[in-house]
Amino acid sequence: MRDAFRAPSGTHDVLFPESARWETLVAAFSSLVGRAGYGLVISPMFEDERVFLRGIGAGSDVASKEMYSFEDRGARRLALRPEGTASVVRAFVQHRPASVWKAWYVTPAFRYERPQAARYRQHHQLGIEAIGSEDPDLDVEVIALAAQFYRHVGLESVELRLNSMGCAQCRPGFERSLFEWLEANAAQLCPEHSQRWSANPLRVLDCKNELCLGATAQAPQICDALCTDCDRHFARVKEGLDSLRVAYLSAPRLVRGFDYYTRTTFEFSSPSLAAAQNGVGGGGRYDGLAEALGGPAAPAVGFGIGIERLLLACDAQDSFPVPEDRMDVFVIDLTGGRVARELTHELRNAGVRADRAFDERSLKAQMRAADRSGAKLAVIVGPSEQEAGKAVVRQMMPRLREESDARRDDAQELVDSDAVVERVLEMLRR
RNA sequence: GUGGUCGUAGCUCAGUUGGUUAGAGCACCAGGUUGUGGCCCUGGAGGUCGGGGGUUCGAGUCCCCUCGGCCACCCCA
């Protein structure tokens, strides 16, 4: 086995029954955002590399050192998507649908980084984007939908942190004053940031190190630097959240990793996960992105949720369990397999979940398989039933949890083979 | 990219100061029950001890290299 292949580093397989959780998760998301008018967008998993470089910013960590970039056979520079938003906005820019355009997606996202707990080279995200309006109520709708989804999967305690990053009018001035402050006070920062802060000054605000936290308490804050329009917008977002009773924490230091964010930004974190990976989702407004990708001015807002992180948080709170997956009927054939082949086919045709054993195994082995399948009924056909044109329909008792020696319940009956499907349907109905 | 840590059966792990054909539990398969699942009993299959090199009469055990997993930092979901 030593030379058996394995999944590439940082990737993982989701096998059943775990994958059934993913199915129900996506279905629940689709239903929630569908009710709010969001439609599914399926776009290519890779794009012209510049879509991401211009979107999330060539200087950001994700773009500068984590992109899965490659050249195809036609010498085009392409990249696997590192996040969901840029692709959706590229699709908007290309097709110019009527706005407000409300889209949702579920997609893998690729980032080349060293794998660790809850951090993958391929992870998966669910998200929505609402493109074509700067109405603060749209921010409120987007955030409220995310909050509703967390509640739906049983995460009662996720924390929402909220900030405004300003706009093209007010942000540059703030960045300048922050830069000046850092030049004067770098010595007080944590060892990491006292050396290298100039690449992305905003990051320093988000540092969790105590030295940085203490020092930057005196640093300029974005919320004091917002222009009148941004200030008003932010206030109306908060009012809207209040009116919907969506709880949030003002987080003046919150800085997200992508350059495209303007005005509203937010993150959701789960207190039941370790701090290094407790971010279960986030998003914000990106009023300049459509233009940056060559399209019309189209203010927009959206969020993304990491599926792996979300499920991890659910595990920590024993919520959103793997759904039960049981067969209805298991067909046991001791006469060579023809009955099993034809009867499972007929049963499935009639809408019944039906399975069978292969390889002509013993009755005992087939009964064990029936038990494992969770089937409520077993249909048993041996030589004598076959000769009489009959079949045994047996009620399978559910596995008992503790009692070691379960009492046998021989609830089974002999049915004409023509009537098996009908009888099975009848028994399943009760 | 930097650092730490761990690699023995499908899974979880034992394996004495280096010493015969490397073990257990769970899972799997078969039989006990000549046609009835779970519980029980008996048996079976399954390992080049991650790989390579070295030390030694002898290496799962000691040394070196390498690959892989996990975790942390940076950053993120």
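Below, chains carry the letters A, B, ... as their sequence lines are ordered, and counting in each starts from 1.
Looking at heavy-atom distances under 4.0 Å, A:A117 makes contact with sugar-phosphate atoms alone, never a base. Counting non-hydrogen atoms under 4.0 angstrom, A:E113 reaches a base of the nucleic acid. Contact annotation for A:F303: no contact, since no heavy-atom pair falls under 4.0 Å across all strands. Here A:R361 lies in heavy-atom contact (under 4.0 Å) with sugar-phosphate atoms only.
Looking at A:Q395, its side chain has no donor and acceptor atom pair within 3.5 Å of the base of B:G37. In this model, a side-chain donor or acceptor of A:Q412 finds a partner on the base of B:U36 within 3.5 Å. No donor-acceptor contact under 3.5 Å links the side chain of A:K364 to the base of B:G38.
Following rounding to the nearest Å, A:R119 (CZ) and B:A77 (P) show an atom-to-atom distance of 10 Å. What separates CZ of A:R368 from C1' of B:C29 is a distance of 8 Å, to the nearest Å. For the pair A:L254 CG and B:C75 P, the computed distance is 14 Å after rounding to whole Å. Rounded to whole Å, the distance from CZ on A:R326 to P on B:G37 is 18 Å. Here the C1' atom of nucleotide B:A77 and the CZ atom of A:F149 are 14 Å apart, to the nearest Å. Atom CD in A:E360 sits about 16 Å away from atom C1' in B:G35, given to the nearest Å. Going from atom CD of A:E66 over to atom C1' of B:U2 covers 15 Å, rounded to whole Å. In this entry the distance linking CE of A:M397 with P of B:G37 reads 14 Å, nearest Å.
Atom-to-atom distance recorded for A:H124:NE2 and A:L25:CG is 12.0 Å, nearest 0.5 angstrom. The structure places CZ of A:R121 at 8.0 Å from CZ of A:R114, a figure rounded to the nearest 0.5 Å. In this structure, A:F266 CZ and A:E159 CD are separated by 15.0 Å, a value rounded to the nearest 0.5 Å. In this structure, A:N163 CG and A:R263 CZ are separated by 14.0 Å, a value rounded to the nearest 0.5 Å. How far CG of A:D371 is from CE of A:M327: 14.0 Å, rounded to the nearest 0.5 Å.
With both ends at atom P, the span from B:U61 to B:U55 equals 15 Å, rounded to whole Å. The separation of B:A30 from B:A45, taken at their C1' atoms, amounts to 10 Å, rounded to a whole angstrom. For B:U8 and B:G50, the C1' atoms lie 10 Å apart once the distance is rounded to whole Å. Taking atom C1' in both B:G23 and B:A9, one finds a spacing of 10 Å when rounded to whole Å. To the nearest whole angstrom, the two C1' atoms, one in B:G68 and one in B:G51, are 10 Å apart. Across B:C63 and B:G3, the matching C1' atoms stand 23 Å from one another, rounded to whole Å. Nucleotides B:C62 and B:C6, compared at atom P, are 11 Å apart to the nearest Å. Distance noted for atom C1' between B:A14 and B:G47: 15 Å (whole Å).
With distances taken from any side-chain atom of A:E385 to the nucleotides B:A77, B:G37, B:G35, the minimum falls on B:G35.
Looking at residues two or more places apart in sequence or on another chain, you find a salt bridge (Lys or Arg N to Asp or Glu O under 4.0 Å) between A:R161 and A:E267.
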Using a 3.5 Å cut-off and no angle test, enumerate the donor-acceptor pairs between side-chain atoms of residues 354-363 of chain A and protein atoms at least two apart in sequence or in another chain.
residue	atom	partner	partner atom	Å
A:S362	OG	A:A365	N	3.1

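Nearest-nucleotide positions on RNA chain B place A:A375 closer to the 5' end than the other of A:A118 and A:A375. Comparing A:S362 and A:R114 by the nucleotide of RNA chain B whose heavy atom lies nearest to each, the residue mapping closer to the 5' end is A:R114.
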Worksheet item: Given the rule that a pair is Watson-Crick or G-U wobble with both distances under 3.5 Å, how would you write RNA chain B in dot-bracket, using | for pairs to a different strand?
Response: (((((((..((((.....[...)))).(((((.......))))).....(((((..]....))))))))))))....

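Side-chain N or O atoms of A:K102 include one that pairs as donor or acceptor with a backbone N or O of A:A36 at under 3.5 Å.
Contact record, A:V142 with A:A130: CG2-CB, 4.3 Å, taken as the closest heavy-atom pair. For the pair A:Y286 and A:E129, the tightest heavy-atom approach, listed with the atom from each and the gap, is OH-OE1, 2.5 Å. The minimum heavy-atom distance linking A:Y260 with A:I56 is given by the pair CE2-CG2, 3.6 Å.
Side-chain contact between A:L334 and A:P383 is present, with heavy atoms from C-beta onward closer than 4.5 Å.
Contact check, A:R372 against B:G38: no side-chain N or O comes under 4.0 Å of OP1 or OP2. The phosphate of B:A77 (OP1 or OP2) has no side-chain N or O of A:Q125 nearer than 4.0 angstrom.
In the region residues 6-34 of chain A, proximity to RNA chain B at under 4.0 angstrom, judged on heavy atoms, holds for A:R6, A:S9. Looking at residues 272-283 of chain A, you'll see A:A276, A:Q277, A:G279, A:V280, A:G281 sit with a heavy atom under 4.0 Å from some atom of RNA chain B.
A side chain to side chain donor-acceptor pair (under 3.5 Å) check over residues 30-46 of chain A, counting only residues at least two apart or in different chains, returns the pairs A:S31-A:R35, A:Y38-A:E141, A:S43-A:R81.
The pair A:R21-A:E18 meets the salt-bridge criterion, since a charged nitrogen lies less than 4.0 angstrom from a carboxylate oxygen.
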